[in-house]
Amino acid sequence: MWMLVPIAFAGKLLSAFRKPLSSLWSSLVPWFFWLRAVLWLAGGKSPQPRARGRLPASRAGAKEGLDQPTIPTSVNYHFTRQCNYKCGFCFHTAKTSFVLPLAEAKRGLRLLQEAGMEKINFSGGEPFIHDRGEYLGKLVRFCKEELGLPSVSIVSNGSLIRERWFQNYGEYLDILAISCDSFDEQVNVLIGRGQGKKNHVENLQKLRTWCRDYRVAFKINSVINRFNVDEDMREQIKALNPVRWKVFQCLLIEGENSGEDALREAQQFVISDEEFEGFLDRHKEVSCLVPESNQKMRDSYLILDEYMRFLNCQNGRKDPSKSILDVGVEEAIKFSGFDEKMFLKRGGKYVWSKADLKLDW
């Protein structure tokens, strides 16, 4: 077929010379363009239409390689480091007495909510120690009533909680987690949870009742260490019937409970992985048990300190980012060291709203 192209061109060129010379150029120009088009088509290089809505491969690859911003789905806000207990393995010690003004704390919580936060957990130190729990109560109410967060929770040692607090703020709280490392009061004293004549275990029973009466989901946190690793807690945990029993392996954090500048020395509390597994095996029949080894704990929490800085624990210590109040959530969270895959693997996302738990109050 394409052999006809030279013949056709020759015929057109001959007819051109029959015309006056003055019109030769105007006659040839269109034919040269015609020839160029014919030869280009002969090469089979027809333009390929670009798929609508797609980027070229090089740009698409570059776009896919961009880091997506981390969403702060679940955040632990340690707004105070002060505490009335002296637990020997504490990993967030009383290095400062600073607490943000209430308005600034609320501003930071709103920034987190706008960045995608669904759950806030207030911790310390002991969160009920500041302003007798009123500061905490106002933050709890703000997060539930104004920010509309699906889940608002607290971790406390329980010693400073009064029934009046439940009366004022219980409706805004989804989960109350009480730290209880032993059901032997002498062991609690050894650990550092003793407080004179007050009995930590008896107080736990009272708090369980208040949670039921004021419709707050009840949770227990236990740190397994050298002094309680051989204890059998099955009967007591089943009787208390928490929605979750978080069981942590004692963890060393440089600058907090380990090292020269630490306020605690937790080395004597440390247990091996095998000892921790032995404790878990003994309690495997407890359905609400949620275990967390050192590996699962270290980088799977988004932790905010009292200045609203994310704390990066990747190097075995707590390295702070800049405050979200100064640089925003998206910038600060880049330095959090947060491992989202481990967060999901350890069960960090669960049914955490009391409206969805469908508990028999």
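Predicted model only: the values in this text are computed from it and were never measured. Computed over heavy atoms, backbone and side chain alike; hydrogens, waters and symmetry mates excluded.
Residues Phe91 and Lys318 are in side-chain contact: their nearest non-hydrogen atoms beyond the backbone lie under 4.5 Å apart. Taking 4.5 Å as the limit, every side-chain heavy atom of Val270 sits out of range of all side-chain heavy atoms of Phe89. Side-chain atoms of Glu235 and Phe183, non-hydrogen and from C-beta on, never get closer than 4.5 Å to each other. The side-chain heavy atoms of Pro127 and Val155, taken from C-beta on, include no pair separated by under 4.5 Å. Side-chain atoms of Glu126 and Ser156, non-hydrogen and from C-beta on, do get closer than 4.5 Å to each other. When side chains are defined from C-beta on, Tyr307 does not count as touching Leu100, because their heavy atoms never get closer than 4.5 Å. A heavy-atom distance below 4.5 Å is found between the side chains of Leu102 and Tyr135. Counting heavy atoms from C-beta outward, Gln205 and Glu202 have side chains that stay 4.5 Å or more apart.
Classified by interplanar angle (parallel below 30°, tilted 30° to 60°, perpendicular above 60°), the ring pair Trp165/Tyr169 is tilted. Using a 30° and 60° split on the angle between ring planes, Tyr301 and Phe248 fall in the tilted class, from 30° to 60°.
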I would like to know whether Arg141 and Glu145 meet salt bridge (charged side-chain N to carboxylate O under 4.0 Å, His left out); could you show each step before the answer?
CA-CA 6 Å; Arg141 181 171 182 170; Glu145 197 170 57; 3.0 Å; yes
So Trp210 and Tyr214, ring pair (Phe, Tyr, Trp, His ring centres under 6.0 Å) or not? Walk me through it.
CA-CA 6 Å; Trp210 286 343; Tyr214 293 95; 7.8 Å; no
Test Asp181 against Phe227 for side-chain contact (heavy atoms from CB on, under 4.5 Å), laying out the working first.
CA-CA 9 Å; Asp181 305 314; Phe227 295 98; over 6 Å; no
What's the verdict on side-chain hydrogen bond (donor to acceptor under 3.5 Å, both in side chains) for Gln249 and Asp273, showing C-alpha distance, side-chain angles and the deciding distance?
CA-CA 8 Å; Gln249 182 181 1; Asp273 293 344; 3.0 Å; yes
Under the side-chain contact (heavy atoms from CB on, under 4.5 Å) criterion, do Val99 and Asp131 qualify, and how do the steps go?
CA-CA 11 Å; Val99 177; Asp131 195 23; over 6 Å; no
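A salt bridge does not link Lys95 to Glu256: none of the charged side-chain nitrogens sits closer than 4.0 Å to a carboxylate oxygen. Ion pair Lys206/Glu163 not flagged as a salt bridge, since none of the NZ, NE, NH1 or NH2 atoms sits closer than 4.0 Å to an Asp/Glu carboxylate oxygen.
Nearest approach of Pro72 to Val329, heavy atoms of both residues: CG-CG1, 4.1 Å.
Using a distance-only test at 3.5 Å, with no hydrogens or angles considered, no donor-acceptor pair links the side chain of Arg234 to the main chain of His283.
Partner of Lys119 under the side chain to side chain donor-acceptor pair (under 3.5 Å) criterion, out of Ser74, Ser153, Ser151: Ser153 alone.
In Arg132, the CZ atom is not crowded: 12 or fewer heavy atoms of neighbouring residues, nucleotides or ligands sit closer than 6.0 Å.
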